[in-house]
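Reviewing the structure listed below.
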Amino acid sequence: MSDPRPGRRLSRAFFDRSAPEVARDLLGAYVFSTVDGARTGGRIVETEAYLGREDPGSHAHTRVPTERNAVMYAAPGMTYVYFTYGQHHMLNLVTEAVGTPSAVLIRAVQPTEGIDVMRRRRHGVPDRSLADGPGKVAAALGLTLADNGAALGEGRLELRAGPTPAEEIVVTGRVGLTEGHDLPLRFLLGGHPGVSRGRTGPKKPKPRR
DNA sequence: GCGCCGATTGGCT
DNA sequence: GCCAATCGGCGCC
């Protein structure tokens with residue numbers, strides 16, 4: 001069995017770097033939440049980087065700050081949580097300096113703590129599917145829009161370093177986007193059973209004939 | 001295991 | 001109105 005070995009808290013400086021660097025280095029790190037008195041979380045095994053105005057897949061693409069994406073412009077390490085598809089929350093961590101809208105999406109977590117609570121929140125799904133997708137991560141951790149905009153170390157989330165992953169780090173295109181899916185900005189631990197099953201290609205397939 | 005499809009709310013044009 | 005950084009169920013091989 002793999003014992004959880006979370007280390008020291010991740011610093012603001014850790015997040016004050018480019019989103020791809022942070023996304024890669026978050027692999028093997030730990031994320032925990034304390035919600036309703038229950039601590040849950042685990043090891044990050046899949047991430048995606050979103051770059052900002054120049055990134056066609058980003059919420060900040062060619063846009064002035066809006067109410068939703070404002071947090072992307074804020075301080076490194078801040079949590080950016082948004083709601084989509086009428087039912088799912090997505091957990092992101094802001095990267096780079098204030099004014100630069102970039103973030104990293106946490107796409108999959110290997111549960112190590114509070115697994116019983118996560119089972120209850122995820123009601124009926126097999127253990128291997130507790131947090132193997134971005135919507136599942138937020139659901140398993142009990143996150144809501146109330147967690148949007150929390151400064152590093154001040155909200156219900158805690159981020160800690162982990163040992164350097166023994167697994168190979170694999171880089172692919174991002175999942176679920178209509179634009180920018182071809183950029184190599186998705187990072188995952190190769191062969192890990194807990195990564196999402198997301199497709200990397202264009203969302204709308206080319207017409208067949 | 002893989003692919004298709006409906007669900008369901010809020011953000012944005 | 002349109003459609004989204006998704007999920008789970010169902011059908012099929």
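Keep in mind it's a predicted model, so treat the numbers as computed, not measured. Below, chain A is the first sequence line, B the second, and so on; all start at residue 1.
Taking CG from A/Asp25 and CG from A/Leu10, the interatomic distance works out to 9.5 Å, rounded to the nearest 0.5 Å.
Under 3.5 Å, the side chains of A/Ser196 and A/Arg107 contain a donor-acceptor pair of N or O atoms.
Side-chain N/O atoms of A/His59 include one lying less than 4.0 angstrom from OP1 or OP2 on C/dA5.
The salt bridge (charged side-chain N to carboxylate O under 4.0 Å, His left out) check on A/Asp182 picks up nothing, with sequence neighbours excluded. Partners of A/Ala108 by side chain to side chain contact (heavy atoms under 4.5 Å, CB included), not counting sequence neighbours, listed by chain and number: A/Val45, A/Glu46. For A/Glu158, the salt bridge (charged side-chain N to carboxylate O under 4.0 Å, His left out) partners two or more places apart in sequence, or in a different chain, are A/Arg9, A/Arg39, A/Arg160. Scanning for salt bridge (charged side-chain N to carboxylate O under 4.0 Å, His left out) contacts around A/Arg174 gives A/Asp55, with sequence neighbours left out. Under the ring pair (Phe, Tyr, Trp, His ring centres under 6.0 Å) criterion, A/Tyr82 pairs with A/His59, A/Tyr80, not counting sequence neighbours. In this structure A/Glu167 satisfies the salt bridge (charged side-chain N to carboxylate O under 4.0 Å, His left out) test together with A/Arg43, sequence neighbours excluded.
Identified under the side chain to side chain donor-acceptor pair (under 3.5 Å) test for residues 138-149 of chain A, with sequence neighbours left out: A/Asp147-A/Arg156.
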Protein N or O to nucleotides 9-12 of chain C N or O, pairs below 3.5 Å:
none

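Looking at residues 121-147 of chain A, you'll see A/Arg122, A/Gly133, A/Pro134, A/Gly135, A/Lys136 sit with a heavy atom under 4.0 Å from some atom of DNA chain C. Near-neighbour residues of DNA chain C inside residues 182-195 of chain A, defined by a heavy atom below 4.0 Å, are absent.
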The dot-bracket string of DNA chain C, counting Watson-Crick and G-U wobble pairs with both distances under 3.5 Å, using [ ] for crossing pairs and | for pairs to another strand, is ||||.|||||||.

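Under a 4.5 Å side-chain heavy-atom criterion applied to ILVMFWY residues, the cluster that includes A/Leu130 comprises A/Ile115, A/Met118, A/Val125 as well.
Of all non-hydrogen atoms in A/Met90 and A/Pro134, the two that sit nearest each other are SD-CB, 3.5 Å.
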